[in-house]
Amino acid sequence: MKISAIIVAAGSGKRFGGKKQFEVIEGKSIIELTAEKILTCGRIREIVLVLPDEDVARFRRSCTKKLHIISGGATRQHSVYNGLKTLSADTDIVLVHDGVRPLVNRRIIADTIEGAIKFGAVVAGVRVKDTVKAVSPSGAVESTPDRNSLYLAQTPQAFRYSLIMDAYEKAFEDDYYSTDDSALVERLGARVKIVPGDYKNIKITTKEDIALTNKFFCDENDVWPRKGKNRKNMNDMKIGFGYDIHKFVKGKPLYLGGVKIPFSMGLLAHSDGDVLLHAVCDSMLGATGLGDIGKHFPTKDKKYKNISSLKLLETVDGLIRESGYETINIDTMIVAKEPKIAPYIEQMQAAISKVLKTKNISIKATTNEGIGDIGKGKAICAHAVCALKRFAQPVKQR
Ligand code: ZN
């Protein structure tokens with residue numbers, strides 16, 4: 001049994017404002033993600049990828065996979081037909097799939113193949129959840145079809161090769177056009193069966209769909225084995241720890257957690273001496289393996305003299321975001337005899353939240369019970385633990 005597939009992605013994306021099949025999600029174009037899903041299904045022997053004519057040469061060069069890349073036609077129907085004509089004559093079953101449905105899964109692909117072997121023609125589909133209204137051009141509701149008999153057609157759709165070829169030839173003969181392959185088969189009077197699709201198997205049509213697809217790819221429940229250097233574990237979390245201590249000194253304002261606190265002394269440091277923010281920065285740098293605060297902001301460098309440590313935190317936040325992480329939680333402990341920290345905790349949380357864009361900032365304080373230099377009020381130290389989470393790569397046009 002020879003099973004082949006056609007991935008159709010020849011659209012010009014006029015409504016979308018660009019060719020959406022080439023938008024990048026997770027470091028790969030949508031069409032690559034879709035093709036990967038079809039390629040990793042062992043049963044499919046021959047895959048034809050139909051692209052806009054002007055992109056064929058470029059894609060052939062960059063594509064290392066065993067895809068047969070051809071040019072599309074004026075309409076989707078012409079494009080699929082080009083694909084059908086390209087397939088070897090000994091093809092038994094052909095699966096047709098939209099290039100902009102990268103969230104298709106193995107189960108749907110396997111079910112449509114099985115379905116086509118058994119019934120000759122199948123469509124992946126999902127039940128309609130909302131009530132459907134038939135509406136006249138003037139906007140008046142004409143009828144409310146029974147929802148129980150309604151399905152939304154997706155792809156893949158799979159057919160016996162001879163059947164789908166007949167359907168296409170007849171359609172062109174009759175000058176009949178449709179964007180749905182199974183509709184052409186239905187015209188022949190052949191039976192088409194529904195196999196369960198998946199609500200996640202969306203067709204990327206709008207910018208919102210791209211954001212949603214990005215989200216689904218990050219979803220831990222949507223695990224698809226991905227190989228190569230672009231492979232990423234989107235559920236990756238990192239924990240970091242930071243510690244800092246500064247001595248009290250006269251004639252300097254006291255800053256803690258980005259807040260200026262009225263007190264008779266400040267903390268001795270090259271910067272503003274914000275021991276809490278330094279501990280937080282160190283925990284974030286540590287979590288991402290980027291070293292420590294001294295490496296990024298050397299005390300020798302004049303530009304950091306008396307600098308607000310909120311600026312340093314901002315820079316550190318930028319560094320961890322560049323490496324693909326964002327802060328989801330910070331827990332800290334300030335150890336100080338004086339001043340009283342509690343009245344300023346909310347302000348400190350707000351200042352840190354604003355930079356790190358998370359509300360999960362915990363600040364606690366203790367006095368060290370009179371023990372040691374900290375207990376006697378000669379210095380303040382701070383401990384911080386952070387949790388970072390990998391976030392989706394920003395979507396950008398390749
Ligand atoms: Zn410090």
Side-chain angles (χ1 to χ4, degrees), residues 238-321 323 325 327 329-342 344-345 347-356 358 361-368 371-388:
K238 288 183 184 291
I239 309 292
F241 168 73
Y243 170 81
D244 197 25
I245 182 165
H246 287 290
K247 275 194 273 190
F248 273 119
V249 64
K250 288 223 154 65
K252 217 185 158 185
L254 175 65
Y255 284 94
L256 282 176
V259 176
K260 192 174 177 181
I261 296 176
F263 194 60
S264 57
M265 292 180 284
L267 293 170
L268 180 64
H270 186 59
S271 67
D272 66 359
D274 194 324
V275 67
L276 176 62
L277 292 190
H278 296 177
V280 170
C281 286
D282 256 359
S283 72
M284 292 163 68
L285 292 168
T288 38
L290 292 171
D292 64 9
I293 198 166
K295 177 181 162 189
H296 292 274
F297 315 106
T299 47
K300 278 184 228 148
D301 197 330
K302 285 207 173 77
K303 71 177 175 217
Y304 300 123
K305 188 156 172 58
N306 290 328
I307 192 171
S308 163
S309 296
L310 281 171
K311 285 262 183 304
L312 307 185
L313 185 65
E314 239 176 73
T315 307
V316 169
D317 181 66
L319 289 170
I320 67 148
R321 282 177 192 277
S323 56
Y325 286 84
T327 310
N329 192 67
I330 298 270
D331 185 24
T332 65
M333 173 69 82
I334 301 170
V335 192
K337 178 171 179 269
E338 281 182 310
K340 282 225 174 311
I341 306 296
Y344 305 99
I345 285 180
Q347 267 176 277
M348 294 180 195
Q349 284 170 323
I352 300 171
S353 279
K354 201 175 159 195
V355 178
L356 300 184
T358 171
I361 308 292
S362 149
I363 299 171
K364 310 183 301 296
T366 186
T367 63
N368 230 34
I371 301 162
D373 286 342
I374 290 169
K376 291 183 174 70
K378 288 185 184 169
I380 295 186
C381 83
H383 303 257
V385 174
C386 72
L388 311 181

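One-based numbering, in listed order, for ligands and for the atoms of each.
- The distance from the CD1 atom of Ile345 to the OG atom of Ser362 is 8.5 Å, given to the nearest 0.5 Å.
- With sequence neighbours excluded, no residue satisfies salt bridge (charged side-chain N to carboxylate O under 4.0 Å, His left out) with Asp292.
- Tyr243 and His383 have their aromatic ring centers within a separation under 6.0 angstrom.
- Distance check, rounded to the nearest 0.5 Å: CD1 of Ile293 to CG of Leu313 gives 9.0 Å.
- For Lys378, the salt bridge (charged side-chain N to carboxylate O under 4.0 Å, His left out) criterion is met by Asp373, not counting sequence neighbours.
- Around the Zn ion (ligand 1), protein N, O or S atoms at less than 2.8 Å comprise Asp244 OD2, His246 NE2, His278 ND1.
- A side-chain hydrogen bond (donor to acceptor under 3.5 Å, both in side chains) check over residues 272-290, counting only residues at least two apart or in different chains, returns the pairs Asp244-His278, His246-His278, Ser271-His278, Asp272-Ser309, His278-Ser309.
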